[in-house]
Protein chains: 2
Amino acid sequence: MSDSLRISRKFSQRSVMEAIVQGGPISRASIAKQTGLSKQTISEIVRALELEGWVKETGRTSGHVGRTAVTYELVYDAAYIVAVDLGGTKVRVAITDLACQIFAEDTEPTDPRGGQFIVDQIAQLAFQAASRQRIARNKIRLAVVGVPGAPDAQTGRVLLAPNIAGFDKMDVVAAFERAFGFDAMLENDVNLAVLGENWLGQGQGIDNLAYVALGTGVGSGLMVGGQLVRGAINAAGELGFLPLGADPFEAESLRTGAFERAVASHGMADRYAALSGRLISVPAIFENAQNGDEAALAVLDETARYLVRGIGAIAAIANPEKVILGGSIGLRPEILERVKAFLPQCFPYPVNVETGELGSRAAIIGAAAIGLGQLHNTLFGVDAPDGRISLPRASMTALQEAVR
Amino acid sequence: MSDSLRISRKFSQRSVMEAIVQGGPISRASIAKQTGLSKQTISEIVRALELEGWVKETGRTSGHVGRTAVTYELVYDAAYIVAVDLGGTKVRVAITDLACQIFAEDTEPTDPRGGQFIVDQIAQLAFQAASRQRIARNKIRLAVVGVPGAPDAQTGRVLLAPNIAGFDKMDVVAAFERAFGFDAMLENDVNLAVLGENWLGQGQGIDNLAYVALGTGVGSGLMVGGQLVRGAINAAGELGFLPLGADPFEAESLRTGAFERAVASHGMADRYAALSGRLISVPAIFENAQNGDEAALAVLDETARYLVRGIGAIAAIANPEKVILGGSIGLRPEILERVKAFLPQCFPYPVNVETGELGSRAAIIGAAAIGLGQLHNTLFGVDAPDGRISLPRASMTALQEAVR
DNA sequence: AATAAGTTCGGTAACAGAACGAATTAAAGA
DNA sequence: TCTTTAATTCGTTCTGTTACCGAACTTATT
C-alpha cells in the first residue's frame, strides 16, 4: 500500500469512525449522507472496521418507509485508557472505555516518598481497578497522568513541581511506561482541567478558553483555537509568577511568585491574620465571612480584587471567550460573585467568567479526554497536524452520570 | 474529478510547489528525492503546473556525472499581493510578487478624514505603485491591511481603534474589496509584526513567539505553535489594558489602559515632567539620558521596570520561547539593555528578549507573509485546518535587501 | 563504464456513480 | 378489509477515474 494512498484511506476511515462514535447506532446509508462519501465506500470501510473488531452490528431500523437498515456501533470495550490526576496530597486514578464511560475511580493519599514510589502506587491502583472490573490488561492502551508542574517532553522529567518529590530528577514517562507496560503521557493538571471543562463542562464548544485554578497555589490553562497552549518549555500557565499582587522585585518572588503569594491560600490566611490577629484556615475564613465577620469579608474582597487583575491580564494578552474558575478557592460562589462585580471596574470590555461545572474532577475528565482523543487519533486518525479532539457527545451524559 | 481525490492530488501538488518555491531552480529528480514522491508523479505534477502558468523551465544543471537535469522555477510574476501597514499617522503600501520580493513601497501621511477616504487613499497608492512597476491589475490577487485595532471578521469593522476615524462604523473589508476589485484581509498591526519577525527577523523558526510593541501605545502579538493568537474577538494583545502600572481600578483605566498609561510615551513624558519640571518629547528624554541627565535615566529605568512586568505577565501566561521588542520606544537599545537587567530580578526562569530586526517594517513584512501564505494556500494548498505559512527561504535575502 | 535524469508501461488503492435487487411502508383500488 | 401497486430507502455489484508507485528502459553526461 502506498503512503499517500494510506493517508487518503485513513482520512475517510477516520470520518466514518467519527460518525459511528458520535452518531451512536447508525446505518451505513446515514454515514454516507453525513460524510459525503459514497455508500459503496462506506460499506467497504465499515466491513474493514468490523473485521478489525472496532465496530459491530447492533440492530436494524424500522418504522420508516423503505428497506430496513442495519445499524452499527462502537465496540466499546475494544480498548481502555487510564486517567490519573496526581496532586500533592491525593492521587486519583480512573479507567475509561472507548465510549468515554468511567469504569472505576479510586482516590488515595499520595505516597509522600515521591519518585518511583508514586509511580508504583499509581500503577497498582490502576491494575487493581482493572481486575476489579475484569478488564484485561492488554486492552489498556494508554495512560494520561496529570501532574502539578511542567512536564519536559525531551527528558520525561517534571519541572516546577515543588509538591512532588523526585519527579524533577527521573524520567517519569519512562518509569510509568515500565510500570504499566503501555504508553504513558504527562500533562500539566490545570491544562487537563481546561480540556475537561472544554469537553464536558462550562467550556463546551468554546475554542478560546481559559481556566484559573486557585487553591494552595495558582495556575492557569489556556486553549487557543481549540488547542492547548503549553509554551516553549511547558511552563505556560505558571500564573503564580504573574508580576502582580506582592512586589515582584522582592527576592522571595523568585521562589514563590508574587501573584501566588497575594492570592493563594497562604496569602489569604496571612491577610486575615493581619486584620484580625488570628491565624485560621481558608475554609474557616469562608465560614466566618458567611457569619458576617468583617475581617473575613475584607479578605474575600481583597482576594477577588487580586484575582480579577490576574484574569484581566489573561484577557488582555489572550482574549479568551470565557474564563473558568476552579480550585478549592476558585470554585466558591463567594469568589465568583465578587469577581463578576469587580472585573468591569478594571477591564474595558466584558469577560465571561464562571466557575467550573466539573469541580475537582475537571482534571481527570480532561485526562480521559486527551487520552481518548489520542487513542482515536492513533487508531483511526491521520497524523494530522491539528490534533483536535473530537469525542462523542452522546456518551457525555453517561460519563457525567458515572462521575457523580 | 471527485472531491476526496482532489484532496489527495492537491496534497502532492502543494509539496511539489513548496519544493520549487523554496528550492529555487530545481530539477524534477531533486523534487522527487525531497518530497519522497516518485519521479513519474513529479513529472506529471510539474507538467500540470507549467501548463497552468505557475512554474517554468529555467535552465539545466551541468558539471555533475550523469545526464543534465532541466530545472524549474516559480513564475514570479504570476500573481501579486498588496501589503498595507495603516497607522494613525502614516500609511505604508507595498506590492510583492510570488517570490516575496517587494516591488514598490510608498509611505504617506494617513488621510485625517478617516473612513472611506483612507480606503481610497490606500487603493490609489497601490494602483499607482502597480502601474509604475508595470504590473497588470488583474495579476494582483489579494490585499492584506494591518490596522491598529481589532478587526471583526463578522462585520468587517475595526474595533478598539481610536486612532482611525470611522473604521468602527463601516464594513472596512467590503470597502477595500470594492476599491481594489480583489480580496482583502484585515489584521491587527502588532499581529503582523510578530508574523514578520517570525518569517524574516528575530523569530525565525520559533513557534512560540511574542512581540511587544511600545510607542505611543502598547500592544502585543503572540504566536503559539506557529499560529497567531487572535482571541475571541480579535482583541488578544491589547496589552495596554494589562492591570499593571497605574491603578487599574481608576476610572481612567477603562479608557486608556493602566499599563499603557504607565509605560507608553505619554507616561514617560509625564514621569519626566514630574521629576524635572519640564515637559519634553520622548526622543528628547532618550537624548538627555545619553548626556547623563539623572531624571531621564530614572525615567528609562522606571519604564523598563514596568515593561519587564508586562513581559513577565506574558511569560507566565503563555511561556513564549522569545519576546521581541518593537515600536519606537521598544526598539531603543537603552530599553533592551535595562529589560535584560531587570527581568531576572522578578521572573524565575530565563526569558529570551531581543529587539526586532525588521524595525518599523515588521508589520508590512508580516502583511506580505500572511498574504503570500494565503495565496500559496488557496492556489496550491489543501484547505488544511492548520494554515501554517511556509514561505521561501531563498528569497528572503532578496526581500531584506529590497527592504533596505 | 558509471551514473544520474526522465519516460514509458503496467499495476493498485481508494474512491465515485449508475444501475439494480431487496425490503419495507403508504396509498390506491377491489 | 384485503390486495395490489407505487414510492422509498438500503445495500451491493459493476464499471470507471484519479493519483499515485515501481521497474525497466532510454538518454545524456562525466
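Atoms considered below: every heavy atom in the structure, side chains included; atoms not considered: hydrogens, waters and symmetry mates.
In this structure, B:Ile31 places its CD1 atom 14 Å from P of D:dC20, rounding to the nearest Å. Atom CZ in A:Arg60 sits roughly 15 Å away from atom P in C:dA22 (whole-Å rounding). Between B:Gln13 atom CD and D:dT18 atom P the separation is 15 Å, expressed in whole Å. Straight-line distance from the CD1 atom of A:Ile42 to the P atom of D:dT9: 18 Å, rounded to whole Å. When the C1' atom of D:dG11 is taken as reference, atom CG of A:Leu37 falls 16 Å away, rounded to whole Å. Spacing between atom CD1 of A:Ile45 and atom C1' of D:dG11 amounts to 15 Å, rounded to whole angstrom units. Remark: C1' of D:dA19 and CZ of B:Arg14 are 18 Å apart, rounded to the nearest angstrom.
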In B/S/- notation (B base, S sugar-phosphate only, - none; protein heavy atoms under 4.0 Å), nucleotides 3-11 of chain C written 5' to 3' is BBBBBBB--
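Using modelled atom types and a 3.5 Å distance limit, the side chains of B:Ser12 and B:Ser15 yield no donor-acceptor pair.
A donor-acceptor pair is defined here as one N or O able to donate and one able to accept, closer than 3.5 Å; such a pair exists between the side chain of B:Asn198 and the backbone of B:Gly203. Between the side chain of B:Thr68 and the backbone N or O of B:Thr61 there is no donor-acceptor pair closer than 3.5 Å. Panel note: side chain A:Lys39, backbone A:Ala32; no donor-acceptor pair is recorded below 3.5 Å. Side-chain N or O atoms of A:Thr96 include none that pairs as donor or acceptor with a backbone N or O of A:Gln101 at under 3.5 Å.
Comparing the axis of the opening five pairs of the helix from C:dA1-D:dT30 to C:dA30-D:dT1 with that of the closing five pairs yields an angle of 10°, rounded to 10°.
The side chain of A:Thr41 contributes an N or O atom lying less than 4.0 Å from OP1 or OP2 of C:dA16. An OP1 or OP2 oxygen of D:dC21 is reached within less than 4.0 angstrom by a side-chain nitrogen or oxygen of B:Ser38.
Under the side chain to side chain contact (heavy atoms under 4.5 Å, CB included) rule, B:Ile140 has a single partner from B:Val82, B:Ile81, B:Asp183, which is B:Val82. For the side chain to side chain contact (heavy atoms under 4.5 Å, CB included) with A:Asn191, the qualifying choice from A:Leu228, A:Leu222, A:Ile370, A:Val229 is A:Leu228, the only one to do so.
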Before giving the answer on side chain to side chain contact (heavy atoms under 4.5 Å, CB included), spell out for A:Leu195 and A:Met223 the whole-Å C-alpha distance, their side-chain angles and the decisive distance to 0.1 Å.
-> CA-CA 8 Å; A:Leu195 276 177; A:Met223 288 181 78; 3.9 Å; yes
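Partners of A:Ser38 according to the side chain to side chain contact (heavy atoms under 4.5 Å, CB included) rule, which considers only residues two or more places apart in sequence or in another chain, are A:Gln40, A:Thr41.
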